[in-house]
Chemist: 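Below you'll find the structure I mean.
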2 protein chains.
Amino acid sequence: MAQDQELALSTLSDEPAWKQRAVERSTKAARLRAERKVQQFLEAAQEIILEKGSTDFTVQEVVDRSHQSLRSFYQHFGGKHELLLALFENALRRSADEIRAAAAAEVDPLAGLEVGIRMLFESSLPDPSTRHPLFTDFATQLLMTYPAEVRSAHEPMLSVFAELMTRVDAVGQLRTSLRPRRAAAMVMQSVMFLAQSTAVAGESEGAHPLTTDEVWDFCSGGFARHAEG
Amino acid sequence: MAQDQELALSTLSDEPAWKQRAVERSTKAARLRAERKVQQFLEAAQEIILEKGSTDFTVQEVVDRSHQSLRSFYQHFGGKHELLLALFENALRRSADEIRAAAAAEVDPLAGLEVGIRMLFESSLPDPSTRHPLFTDFATQLLMTYPAEVRSAHEPMLSVFAELMTRVDAVGQLRTSLRPRRAAAMVMQSVMFLAQSTAVAGESEGAHPLTTDEVWDFCSGGFARHAEG
DNA sequence: CGTCTTCGGAGAATGTTATTCTCCATCGGG
DNA sequence: CCCGATGGAGAATAACATTCTCCGAAGACG
(Lines give C-alpha, C1' and ligand atoms only; values in the text may rest on other atoms or scores of the structure.)
Protein backbone atom coordinates (compact mmCIF):
# COMPACT_ATOMS: atom_id res chain seq x y z
CA MET A 1 0.00 0.00 0.00
CA ALA A 2 0.92 3.68 -0.28
CA GLN A 3 1.14 3.78 3.48
CA ASP A 4 3.75 1.07 3.45
CA GLN A 5 5.78 2.92 0.90
CA GLU A 6 5.74 6.06 2.96
CA LEU A 7 6.83 4.17 6.01
CA ALA A 8 9.58 2.59 4.00
CA LEU A 9 10.97 6.06 3.38
CA SER A 10 11.26 6.33 7.13
CA THR A 11 9.85 9.85 7.02
CA LEU A 12 6.89 9.52 9.31
CA SER A 13 6.31 13.25 9.19
CA ASP A 14 5.04 12.85 5.61
CA GLU A 15 2.07 11.07 7.11
CA PRO A 16 -0.97 13.29 7.65
CA ALA A 17 -1.36 13.95 11.30
CA TRP A 18 -4.99 12.89 11.43
CA LYS A 19 -4.04 9.53 9.99
CA GLN A 20 -1.38 9.02 12.58
CA ARG A 21 -3.84 9.91 15.27
CA ALA A 22 -6.46 7.56 13.90
CA VAL A 23 -4.01 4.71 13.76
CA GLU A 24 -2.80 5.63 17.18
CA ARG A 25 -6.29 5.53 18.62
CA SER A 26 -7.15 2.20 17.11
CA THR A 27 -3.80 0.88 18.24
CA LYS A 28 -3.80 2.14 21.76
CA ALA A 29 -6.36 -0.25 23.12
CA ALA A 30 -4.60 -3.17 21.54
CA ARG A 31 -1.29 -2.04 22.97
CA LEU A 32 -2.68 -1.74 26.47
CA ARG A 33 -4.24 -5.17 26.21
CA ALA A 34 -0.97 -6.58 24.97
CA GLU A 35 0.97 -5.02 27.80
CA ARG A 36 -1.41 -6.46 30.32
CA LYS A 37 -1.09 -9.92 28.84
CA VAL A 38 2.65 -9.78 28.65
CA GLN A 39 2.65 -8.75 32.26
CA GLN A 40 0.50 -11.74 33.14
CA PHE A 41 2.89 -14.10 31.42
CA LEU A 42 5.83 -12.56 33.19
CA GLU A 43 4.15 -12.80 36.55
CA ALA A 44 3.16 -16.39 35.99
CA ALA A 45 6.72 -17.27 35.08
CA GLN A 46 8.04 -15.50 38.14
CA GLU A 47 5.66 -17.38 40.37
CA ILE A 48 6.60 -20.70 38.89
CA ILE A 49 10.29 -19.99 39.25
CA LEU A 50 9.88 -18.97 42.86
CA GLU A 51 7.73 -22.00 43.65
CA LYS A 52 9.97 -24.50 41.99
CA GLY A 53 13.10 -22.76 43.11
CA SER A 54 14.44 -23.48 39.70
CA THR A 55 14.59 -21.52 36.51
CA ASP A 56 13.64 -24.22 34.15
CA PHE A 57 9.98 -24.25 33.33
CA THR A 58 8.07 -25.11 30.21
CA VAL A 59 6.14 -22.65 28.16
CA GLN A 60 3.09 -24.78 28.78
CA GLU A 61 3.38 -24.28 32.52
CA VAL A 62 3.48 -20.55 32.07
CA VAL A 63 0.50 -20.63 29.76
CA ASP A 64 -1.55 -22.76 32.12
CA ARG A 65 -0.67 -20.69 35.12
CA SER A 66 -1.55 -17.44 33.43
CA HIS A 67 -4.86 -18.83 32.15
CA GLN A 68 -4.04 -18.00 28.59
CA SER A 69 -3.27 -19.94 25.47
CA LEU A 70 -0.18 -21.04 23.64
CA ARG A 71 -1.23 -19.01 20.70
CA SER A 72 -1.48 -15.95 22.80
CA PHE A 73 1.94 -16.61 24.18
CA TYR A 74 3.56 -16.78 20.79
CA GLN A 75 1.62 -13.76 19.74
CA HIS A 76 3.27 -11.69 22.41
CA PHE A 77 6.69 -13.33 22.58
CA GLY A 78 8.88 -14.36 19.72
CA GLY A 79 9.69 -17.50 21.67
CA LYS A 80 10.62 -18.73 25.06
CA HIS A 81 13.89 -16.88 24.91
CA GLU A 82 12.09 -13.57 24.78
CA LEU A 83 10.27 -14.38 27.96
CA LEU A 84 13.54 -15.36 29.58
CA LEU A 85 15.19 -12.19 28.39
CA ALA A 86 12.30 -10.12 29.64
CA LEU A 87 12.53 -11.68 33.09
CA PHE A 88 16.26 -11.26 33.12
CA GLU A 89 16.05 -7.69 31.99
CA ASN A 90 13.46 -6.82 34.60
CA ALA A 91 15.40 -8.40 37.39
CA LEU A 92 18.58 -6.74 36.30
CA ARG A 93 17.00 -3.36 35.95
CA ARG A 94 15.38 -3.53 39.33
CA SER A 95 18.57 -4.70 40.91
CA ALA A 96 20.52 -2.00 39.14
CA ASP A 97 18.22 0.61 40.60
CA GLU A 98 18.63 -0.74 44.09
CA ILE A 99 22.36 -0.79 43.71
CA ARG A 100 22.48 2.72 42.37
CA ALA A 101 20.41 3.92 45.27
CA ALA A 102 22.47 2.14 47.87
CA ALA A 103 25.74 3.27 46.38
CA ALA A 104 24.57 6.85 46.19
CA ALA A 105 24.34 6.88 49.96
CA GLU A 106 28.11 6.63 50.18
CA VAL A 107 30.14 9.77 49.88
CA ASP A 108 33.45 8.15 49.07
CA PRO A 109 33.38 6.91 45.46
CA LEU A 110 35.41 3.85 46.28
CA ALA A 111 33.05 3.00 49.10
CA GLY A 112 30.11 3.40 46.74
CA LEU A 113 31.64 1.00 44.28
CA GLU A 114 32.34 -1.43 47.07
CA VAL A 115 28.72 -1.39 48.10
CA GLY A 116 27.70 -1.93 44.52
CA ILE A 117 29.99 -4.87 44.02
CA ARG A 118 28.94 -6.51 47.23
CA MET A 119 25.29 -6.13 46.43
CA LEU A 120 25.73 -7.40 42.92
CA PHE A 121 27.60 -10.44 44.13
CA GLU A 122 25.04 -11.30 46.70
CA SER A 123 22.06 -10.89 44.47
CA SER A 124 23.75 -12.96 41.76
CA LEU A 125 24.19 -15.92 44.06
CA PRO A 126 22.01 -18.75 42.85
CA ASP A 127 20.42 -18.97 46.26
CA PRO A 128 16.68 -19.38 45.84
CA SER A 129 16.04 -17.76 49.19
CA THR A 130 16.70 -14.32 47.79
CA ARG A 131 13.53 -12.47 47.17
CA HIS A 132 14.83 -10.86 44.02
CA PRO A 133 16.93 -13.49 42.32
CA LEU A 134 18.86 -12.12 39.40
CA PHE A 135 18.35 -15.25 37.33
CA THR A 136 21.97 -15.08 36.43
CA ASP A 137 21.74 -18.61 35.14
CA PHE A 138 19.44 -17.49 32.37
CA ALA A 139 22.17 -15.27 31.16
CA THR A 140 24.58 -18.09 30.60
CA GLN A 141 21.99 -20.09 28.71
CA LEU A 142 21.08 -17.14 26.57
CA LEU A 143 24.56 -15.75 26.12
CA MET A 144 25.39 -18.33 23.47
CA THR A 145 22.33 -17.96 21.35
CA TYR A 146 21.30 -14.36 21.86
CA PRO A 147 24.44 -12.49 22.75
CA ALA A 148 23.26 -9.11 21.59
CA GLU A 149 20.07 -9.27 23.60
CA VAL A 150 21.89 -10.38 26.71
CA ARG A 151 24.28 -7.52 26.31
CA SER A 152 21.45 -5.07 26.05
CA ALA A 153 19.85 -6.59 29.12
CA HIS A 154 23.12 -5.99 30.94
CA GLU A 155 23.10 -2.37 29.93
CA PRO A 156 21.31 -0.86 32.93
CA MET A 157 23.58 -2.66 35.35
CA LEU A 158 26.60 -1.74 33.31
CA SER A 159 25.52 1.88 33.41
CA VAL A 160 25.38 1.85 37.17
CA PHE A 161 28.86 0.42 37.45
CA ALA A 162 30.19 2.72 34.78
CA GLU A 163 28.90 5.66 36.80
CA LEU A 164 30.42 4.38 39.99
CA MET A 165 33.67 3.59 38.27
CA THR A 166 33.80 6.99 36.64
CA ARG A 167 33.41 8.61 40.00
CA VAL A 168 36.25 6.50 41.30
CA ASP A 169 38.32 7.62 38.35
CA ALA A 170 37.44 11.24 38.97
CA VAL A 171 39.11 11.13 42.37
CA GLY A 172 42.14 9.47 40.88
CA GLN A 173 41.49 6.06 42.40
CA LEU A 174 41.29 4.10 39.16
CA ARG A 175 44.29 2.45 37.56
CA THR A 176 45.44 4.69 34.80
CA SER A 177 45.67 1.75 32.40
CA LEU A 178 41.94 1.08 32.45
CA ARG A 179 39.11 3.06 30.95
CA PRO A 180 36.22 3.35 33.44
CA ARG A 181 33.54 1.75 31.35
CA ARG A 182 35.69 -1.19 30.42
CA ALA A 183 36.80 -1.68 33.96
CA ALA A 184 33.16 -1.56 34.96
CA ALA A 185 32.31 -4.21 32.40
CA MET A 186 35.03 -6.53 33.61
CA VAL A 187 34.05 -6.07 37.21
CA MET A 188 30.39 -6.61 36.56
CA GLN A 189 30.86 -9.73 34.52
CA SER A 190 33.43 -11.20 36.84
CA VAL A 191 31.27 -10.66 39.87
CA MET A 192 28.19 -12.12 38.27
CA PHE A 193 29.99 -15.14 36.93
CA LEU A 194 31.93 -15.77 40.10
CA ALA A 195 28.69 -15.70 42.04
CA GLN A 196 27.21 -18.14 39.59
CA SER A 197 30.08 -20.52 39.88
CA THR A 198 29.80 -20.73 43.64
CA ALA A 199 26.70 -22.76 42.94
CA VAL A 200 29.06 -25.64 42.74
CA ALA A 201 29.57 -26.99 46.20
CA GLY A 202 33.11 -28.22 46.36
CA GLU A 203 33.35 -31.83 47.42
CA SER A 204 37.07 -32.27 47.78
CA GLU A 205 37.73 -29.32 50.00
CA GLY A 206 35.79 -27.57 52.65
CA ALA A 207 34.52 -24.05 52.24
CA HIS A 208 34.72 -23.66 48.50
CA PRO A 209 32.03 -21.03 48.09
CA LEU A 210 33.61 -17.65 47.61
CA THR A 211 32.80 -14.96 50.10
CA THR A 212 31.77 -11.45 49.29
CA ASP A 213 34.96 -10.23 50.91
CA GLU A 214 37.16 -12.30 48.68
CA VAL A 215 35.40 -11.14 45.58
CA TRP A 216 35.65 -7.53 46.60
CA ASP A 217 39.32 -7.95 47.44
CA PHE A 218 39.97 -9.50 44.10
CA CYS A 219 38.07 -6.98 42.06
CA SER A 220 39.51 -3.96 43.75
CA GLY A 221 43.10 -4.98 44.15
CA GLY A 222 43.64 -8.01 41.94
CA PHE A 223 45.78 -10.76 43.29
CA ALA A 224 49.13 -8.97 43.30
CA ARG A 225 50.52 -7.46 46.43
CA HIS A 226 51.04 -3.72 46.35
CA ALA A 227 51.70 -0.92 48.75
CA GLU A 228 48.66 1.13 49.72
CA GLY A 229 48.34 3.94 47.18
CA MET B 1 26.13 -64.35 43.95
CA ALA B 2 28.84 -64.88 46.53
CA GLN B 3 31.12 -62.81 44.38
CA ASP B 4 28.76 -59.89 44.55
CA GLN B 5 28.58 -60.12 48.28
CA GLU B 6 32.32 -60.11 48.57
CA LEU B 7 32.57 -57.10 46.33
CA ALA B 8 29.95 -55.41 48.39
CA LEU B 9 32.25 -55.68 51.36
CA SER B 10 34.64 -53.57 49.35
CA THR B 11 37.56 -55.73 50.45
CA LEU B 12 38.91 -56.88 47.15
CA SER B 13 41.91 -58.40 48.81
CA ASP B 14 39.64 -61.17 50.16
CA GLU B 15 39.25 -62.26 46.57
CA PRO B 16 41.53 -65.14 45.55
CA ALA B 17 44.22 -63.81 43.29
CA TRP B 18 43.55 -66.34 40.53
CA LYS B 19 39.96 -65.21 40.37
CA GLN B 20 40.94 -61.60 40.06
CA ARG B 21 43.32 -62.49 37.29
CA ALA B 22 40.72 -64.50 35.46
CA VAL B 23 38.22 -61.69 35.66
CA GLU B 24 40.92 -59.28 34.67
CA ARG B 25 41.78 -61.28 31.58
CA SER B 26 38.22 -61.62 30.44
CA THR B 27 37.66 -57.96 31.13
CA LYS B 28 40.73 -56.56 29.54
CA ALA B 29 39.71 -57.14 25.96
CA ALA B 30 36.35 -55.59 26.58
CA ARG B 31 37.94 -52.60 28.22
CA LEU B 32 40.30 -52.01 25.36
CA ARG B 33 37.47 -52.27 22.89
CA ALA B 34 35.43 -49.86 24.93
CA GLU B 35 38.27 -47.39 25.10
CA ARG B 36 38.73 -47.54 21.37
CA LYS B 37 35.07 -46.91 20.77
CA VAL B 38 34.88 -44.07 23.19
CA GLN B 39 37.85 -42.59 21.44
CA GLN B 40 36.08 -42.88 18.12
CA PHE B 41 33.05 -41.08 19.44
CA LEU B 42 35.19 -38.33 20.85
CA GLU B 43 37.08 -37.91 17.61
CA ALA B 44 33.91 -37.83 15.57
CA ALA B 45 32.49 -35.15 17.83
CA GLN B 46 35.69 -33.12 17.59
CA GLU B 47 35.60 -33.30 13.82
CA ILE B 48 32.01 -32.22 13.65
CA ILE B 49 32.61 -29.31 15.96
CA LEU B 50 35.59 -28.15 13.98
CA GLU B 51 33.74 -28.48 10.69
CA LYS B 52 30.63 -26.70 11.82
CA GLY B 53 32.56 -24.21 13.87
CA SER B 54 29.87 -24.60 16.46
CA THR B 55 29.56 -26.74 19.51
CA ASP B 56 26.03 -27.81 19.06
CA PHE B 57 25.67 -31.13 17.37
CA THR B 58 23.21 -33.95 17.73
CA VAL B 59 24.04 -37.33 19.12
CA GLN B 60 22.88 -38.77 15.84
CA GLU B 61 25.50 -36.85 13.93
CA VAL B 62 28.23 -38.20 16.14
CA VAL B 63 26.94 -41.72 15.79
CA ASP B 64 26.73 -41.50 12.01
CA ARG B 65 30.13 -39.93 11.69
CA SER B 66 31.78 -42.54 13.85
CA HIS B 67 30.06 -45.39 12.00
CA GLN B 68 28.58 -46.79 15.14
CA SER B 69 25.11 -47.10 16.58
CA LEU B 70 22.99 -45.19 19.01
CA ARG B 71 22.88 -48.18 21.24
CA SER B 72 26.64 -48.32 21.31
CA PHE B 73 26.76 -44.65 22.15
CA TYR B 74 24.52 -45.00 25.15
CA GLN B 75 26.42 -48.08 26.19
CA HIS B 76 29.59 -46.05 26.52
CA PHE B 77 28.21 -42.72 27.62
CA GLY B 78 25.57 -42.04 30.21
CA GLY B 79 24.18 -39.41 27.91
CA LYS B 80 25.16 -36.56 25.72
CA HIS B 81 26.40 -34.61 28.69
CA GLU B 82 29.07 -37.20 29.36
CA LEU B 83 30.40 -36.80 25.86
CA LEU B 84 30.43 -33.05 26.32
CA LEU B 85 32.19 -33.37 29.62
CA ALA B 86 34.73 -35.72 28.15
CA LEU B 87 35.54 -33.29 25.36
CA PHE B 88 35.69 -30.42 27.76
CA GLU B 89 37.90 -32.32 30.16
CA ASN B 90 40.28 -33.37 27.41
CA ALA B 91 40.60 -29.91 26.01
CA LEU B 92 41.11 -28.44 29.41
CA ARG B 93 43.69 -30.98 30.41
CA ARG B 94 45.66 -30.53 27.24
CA SER B 95 45.51 -26.80 27.54
CA ALA B 96 46.53 -26.99 31.18
CA ASP B 97 49.60 -28.94 30.20
CA GLU B 98 50.57 -26.43 27.58
CA ILE B 99 50.13 -23.60 30.01
CA ARG B 100 52.14 -25.32 32.68
CA ALA B 101 54.95 -25.93 30.23
CA ALA B 102 54.96 -22.39 28.92
CA ALA B 103 54.82 -20.86 32.37
CA ALA B 104 57.63 -23.07 33.61
CA ALA B 105 59.92 -21.37 31.12
CA GLU B 106 59.67 -18.15 33.10
CA VAL B 107 61.91 -17.70 36.09
CA ASP B 108 59.99 -14.92 37.74
CA PRO B 109 56.84 -16.37 39.34
CA LEU B 110 54.78 -13.34 38.49
CA ALA B 111 55.89 -13.55 34.88
CA GLY B 112 54.94 -17.21 34.83
CA LEU B 113 51.48 -16.44 36.07
CA GLU B 114 51.16 -13.69 33.52
CA VAL B 115 51.99 -16.10 30.73
CA GLY B 116 49.46 -18.54 32.10
CA ILE B 117 46.70 -16.00 32.31
CA ARG B 118 47.35 -14.68 28.84
CA MET B 119 47.34 -18.16 27.36
CA LEU B 120 44.20 -19.14 29.20
CA PHE B 121 42.39 -16.04 28.03
CA GLU B 122 43.37 -16.54 24.45
CA SER B 123 42.51 -20.18 24.30
CA SER B 124 39.16 -19.51 25.94
CA LEU B 125 38.13 -17.04 23.29
CA PRO B 126 35.22 -18.48 21.35
CA ASP B 127 37.14 -17.96 18.15
CA PRO B 128 36.69 -20.99 15.94
CA SER B 129 40.04 -20.41 14.29
CA THR B 130 41.88 -21.80 17.28
CA ARG B 131 43.00 -25.28 16.64
CA HIS B 132 42.42 -26.33 20.23
CA PRO B 133 39.25 -24.62 21.29
CA LEU B 134 38.59 -24.94 24.97
CA PHE B 135 34.89 -25.41 24.46
CA THR B 136 34.33 -22.94 27.21
CA ASP B 137 30.78 -22.62 26.10
CA PHE B 138 30.10 -26.22 27.02
CA ALA B 139 31.05 -25.34 30.52
CA THR B 140 28.34 -22.79 30.88
CA GLN B 141 25.74 -25.16 29.52
CA LEU B 142 26.86 -27.92 31.81
CA LEU B 143 27.54 -25.82 34.86
CA MET B 144 23.87 -25.64 35.73
CA THR B 145 23.05 -29.28 35.42
CA TYR B 146 26.29 -31.03 36.28
CA PRO B 147 28.16 -28.66 38.53
CA ALA B 148 30.25 -31.29 40.25
CA GLU B 149 31.48 -32.78 37.01
CA VAL B 150 32.34 -29.40 35.58
CA ARG B 151 34.29 -28.62 38.68
CA SER B 152 36.24 -31.80 38.40
CA ALA B 153 36.94 -31.05 34.75
CA HIS B 154 38.33 -27.72 35.87
CA GLU B 155 40.62 -29.41 38.31
CA PRO B 156 43.72 -29.81 36.11
CA MET B 157 43.62 -26.19 35.06
CA LEU B 158 42.98 -25.09 38.59
CA SER B 159 46.01 -27.08 39.69
CA VAL B 160 48.23 -25.29 37.24
CA PHE B 161 47.08 -21.90 38.41
CA ALA B 162 47.27 -22.92 42.03
CA GLU B 163 50.89 -23.89 41.49
CA LEU B 164 51.69 -20.66 39.74
CA MET B 165 49.89 -18.66 42.36
CA THR B 166 51.63 -20.48 45.17
CA ARG B 167 54.94 -19.62 43.63
CA VAL B 168 53.89 -16.01 43.45
CA ASP B 169 52.92 -16.21 47.09
CA ALA B 170 56.25 -17.76 48.00
CA VAL B 171 58.11 -14.69 46.82
CA GLY B 172 55.73 -12.46 48.70
CA GLN B 173 53.95 -11.12 45.65
CA LEU B 174 50.46 -12.26 46.58
CA ARG B 175 48.03 -10.13 48.52
CA THR B 176 48.13 -11.31 52.07
CA SER B 177 44.34 -11.36 52.25
CA LEU B 178 44.02 -14.11 49.67
CA ARG B 179 44.86 -17.77 49.92
CA PRO B 180 46.71 -18.93 46.79
CA ARG B 181 44.32 -21.62 45.69
CA ARG B 182 41.29 -19.42 46.08
CA ALA B 183 42.94 -16.59 44.27
CA ALA B 184 43.80 -19.05 41.55
CA ALA B 185 40.20 -20.17 41.32
CA MET B 186 38.92 -16.62 41.03
CA VAL B 187 41.48 -15.75 38.41
CA MET B 188 40.84 -18.86 36.37
CA GLN B 189 37.10 -18.48 36.36
CA SER B 190 37.17 -14.78 35.69
CA VAL B 191 39.52 -15.18 32.78
CA MET B 192 37.54 -17.98 31.22
CA PHE B 193 34.24 -16.22 31.60
CA LEU B 194 35.52 -12.87 30.45
CA ALA B 195 36.89 -14.52 27.34
CA GLN B 196 33.54 -16.16 26.78
CA SER B 197 31.66 -12.92 27.12
CA THR B 198 33.73 -11.22 24.47
CA ALA B 199 31.80 -13.41 22.06
CA VAL B 200 29.27 -10.65 22.17
CA ALA B 201 30.22 -8.10 19.61
CA GLY B 202 29.15 -4.75 20.98
CA GLU B 203 26.91 -2.87 18.64
CA SER B 204 26.62 0.47 20.35
CA GLU B 205 30.28 1.16 20.87
CA GLY B 206 33.36 0.31 18.95
CA ALA B 207 36.02 -2.03 20.24
CA HIS B 208 34.05 -3.88 22.87
CA PRO B 209 36.05 -7.10 22.86
CA LEU B 210 38.39 -7.16 25.79
CA THR B 211 42.07 -7.43 25.10
CA THR B 212 44.47 -9.80 26.75
CA ASP B 213 46.26 -6.81 28.25
CA GLU B 214 43.16 -5.49 29.91
CA VAL B 215 42.33 -8.83 31.40
CA TRP B 216 45.81 -9.30 32.72
CA ASP B 217 45.80 -5.79 34.16
CA PHE B 218 42.53 -6.43 35.87
CA CYS B 219 43.45 -9.81 37.28
CA SER B 220 46.80 -8.78 38.58
CA GLY B 221 46.04 -5.37 39.95
CA GLY B 222 42.28 -5.09 40.16
CA PHE B 223 40.78 -1.78 39.19
CA ALA B 224 42.04 0.33 42.06
CA ARG B 225 45.05 2.52 41.69
CA HIS B 226 47.96 1.70 43.94
CA ALA B 227 51.61 2.56 44.25
CA GLU B 228 54.00 -0.02 42.88
CA GLY B 229 54.68 -2.49 45.68
C1' DC C 1 30.10 -79.52 14.00
C1' DG C 2 25.85 -77.74 15.94
C1' DT C 3 23.78 -75.17 19.50
C1' DC C 4 23.59 -71.57 22.94
C1' DT C 5 24.66 -67.34 24.82
C1' DT C 6 26.06 -62.95 24.73
C1' DC C 7 27.27 -58.71 22.56
C1' DG C 8 26.39 -55.24 19.89
C1' DG C 9 24.46 -53.19 15.27
C1' DA C 10 20.48 -50.91 13.02
C1' DG C 11 17.17 -48.10 13.63
C1' DA C 12 12.17 -47.90 15.14
C1' DA C 13 9.56 -46.21 19.20
C1' DT C 14 8.98 -43.00 22.97
C1' DG C 15 9.03 -38.82 25.60
C1' DT C 16 9.68 -34.07 26.14
C1' DT C 17 9.52 -29.46 24.57
C1' DA C 18 9.17 -25.74 21.74
C1' DT C 19 6.68 -23.96 17.95
C1' DT C 20 2.99 -23.77 14.46
C1' DC C 21 -1.56 -24.70 12.72
C1' DT C 22 -6.51 -25.37 12.48
C1' DC C 23 -10.88 -24.69 13.94
C1' DC C 24 -14.19 -21.98 16.05
C1' DA C 25 -16.54 -18.68 19.18
C1' DT C 26 -17.01 -13.98 20.07
C1' DC C 27 -17.32 -9.18 19.44
C1' DG C 28 -17.42 -4.63 17.46
C1' DG C 29 -18.64 -2.06 13.42
C1' DG C 30 -21.40 -1.33 9.36
C1' DC D 1 -28.02 -8.97 11.60
C1' DC D 2 -23.93 -10.13 9.03
C1' DC D 3 -18.68 -9.98 8.49
C1' DG D 4 -14.21 -9.89 9.24
C1' DA D 5 -10.82 -9.73 12.57
C1' DT D 6 -9.19 -11.30 17.14
C1' DG D 7 -7.77 -14.57 19.98
C1' DG D 8 -8.92 -19.08 22.78
C1' DA D 9 -8.24 -24.20 23.02
C1' DG D 10 -5.50 -27.47 22.06
C1' DA D 11 -4.14 -30.77 18.16
C1' DA D 12 -0.26 -31.30 14.94
C1' DT D 13 4.56 -30.89 13.95
C1' DA D 14 9.45 -30.82 14.54
C1' DA D 15 13.74 -31.64 16.65
C1' DC D 16 16.14 -34.07 19.81
C1' DA D 17 17.63 -37.16 23.43
C1' DT D 18 16.94 -41.54 25.21
C1' DT D 19 15.17 -46.34 25.28
C1' DC D 20 13.57 -50.58 23.20
C1' DT D 21 13.18 -54.47 20.12
C1' DC D 22 14.78 -57.41 16.82
C1' DC D 23 18.46 -59.93 14.86
C1' DG D 24 22.75 -61.52 13.23
C1' DA D 25 27.54 -62.68 14.17
C1' DA D 26 31.31 -64.42 17.16
C1' DG D 27 32.79 -67.19 20.58
C1' DA D 28 32.04 -70.92 24.21
C1' DC D 29 31.01 -75.52 24.97
C1' DG D 30 29.30 -79.89 24.52
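We name chains A, B, ... by the order of the sequence lines, and we start the count at 1 in each one. Just the heavy atoms: all of them, side chains too, but no hydrogens, waters or symmetry mates, feed the values below.
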Chemist: Would you confirm whether A:Glu82, through its side chain, and A:Gly78, through its main-chain N or O, come within 3.5 Å as a donor-acceptor pair?
Modeler: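 Yes.
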Chemist: Sugar-phosphate means primed atoms, P, OP1 and OP2; the rest is base. With that split, encode nucleotides 15-27 of chain C 5' to 3' as B, S or - using protein heavy atoms under 4.0 Å.
Modeler: --SSBB-B-----
Chemist: Under a 4.0 Å N-O cut-off, is there an ion pair linking B:Arg94 with B:Asp97?
Modeler: no
Chemist: For DNA chain C, which residues of residues 38-45 of chain B approach it to below 4.0 angstrom with any heavy atom?
Modeler: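 Here the set is empty: none.
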Chemist: Would you mind reading off the distance between B:Phe77 atom CZ and D:dT19 atom P, rounded to a whole angstrom?
Modeler: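 After rounding, the gap between these two atoms is 15 Å.
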Chemist: Rounded to whole angstrom units, what separation is found between the CZ atom of A:Arg65 and the C1' atom of D:dA9?
Modeler: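 Going from A:Arg65 (CZ) to D:dA9 (C1'), I get 20 Å.
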Chemist: Think B:Lys80 forms a cation-pi with B:Tyr74, using NZ or CZ under 6.0 Å from the six-ring centre and within 45 degrees of its axis?
Modeler: no
Chemist: Using a strict 4.0 Å threshold on nitrogen-to-oxygen distance, state whether B:Arg93 and B:Glu98 make a salt bridge.
Modeler: no
Chemist: Does C:dG8 have OP1 or OP2 sitting under 4.0 Å from an N or O in the side chain of B:Gln75?
Modeler: yes
Chemist: I need the CD-P distance between B:Gln68 and C:dG11, as an integer number of Å.
Modeler: 14 Å
Chemist: To the nearest Å, give me how far apart CG (B:Leu142) and P (D:dA17) are.
Modeler: 13 Å
Chemist: Fit a plane to each ring of A:Phe41 and A:Phe73, take the angle between them on a 0 to 90° scale, and name the class: parallel (under 30°), tilted (30 to 60°) or perpendicular (over 60°).
Modeler: perpendicular
Chemist: Between A:Glu155 and A:Arg181, is there a salt bridge with N-O shorter than 4.0 Å?
Modeler: yes
Chemist: Taking side chain to side chain donor-acceptor pair (under 3.5 Å) as the definition, give me every residue that meets it alongside A:Ser54, ordered by chain and number, with sequence neighbours left out.
Modeler: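 Partners of A:Ser54 under the side chain to side chain donor-acceptor pair (under 3.5 Å) test: A:Asp56.
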Chemist: Rounded to the Å, how far apart are B:His67 NE2 and C:dA10 P?
Modeler: 10 Å
Chemist: Against B:Gln40, only a single residue in B:Arg65, B:His67, B:Gln68, B:Glu35 fulfils side-chain hydrogen bond (donor to acceptor under 3.5 Å, both in side chains); can you say which?
Modeler: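 Result: among B:Arg65, B:His67, B:Gln68, B:Glu35, B:Gln68 is the only option passing the side-chain hydrogen bond (donor to acceptor under 3.5 Å, both in side chains) with B:Gln40.
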Chemist: Describe, in one word, how the ring planes of A:His81 and A:Tyr146 are oriented to each other, choosing from parallel (under 30°), tilted (30 to 60°) and perpendicular (over 60°).
Modeler: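 Because their plane-to-plane angle is under 30°, the rings of A:His81 and A:Tyr146 count as parallel.
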Chemist: At less than 4.0 Å, is any side-chain N or O atom of B:Ser69 found next to OP1 or OP2 of C:dG9? Yes or no.
Modeler: yes
Chemist: Rounded to the nearest Å, what distance is computed from the CG atom of residue B:Leu83 to the P atom of nucleotide D:dC16?
Modeler: 16 Å
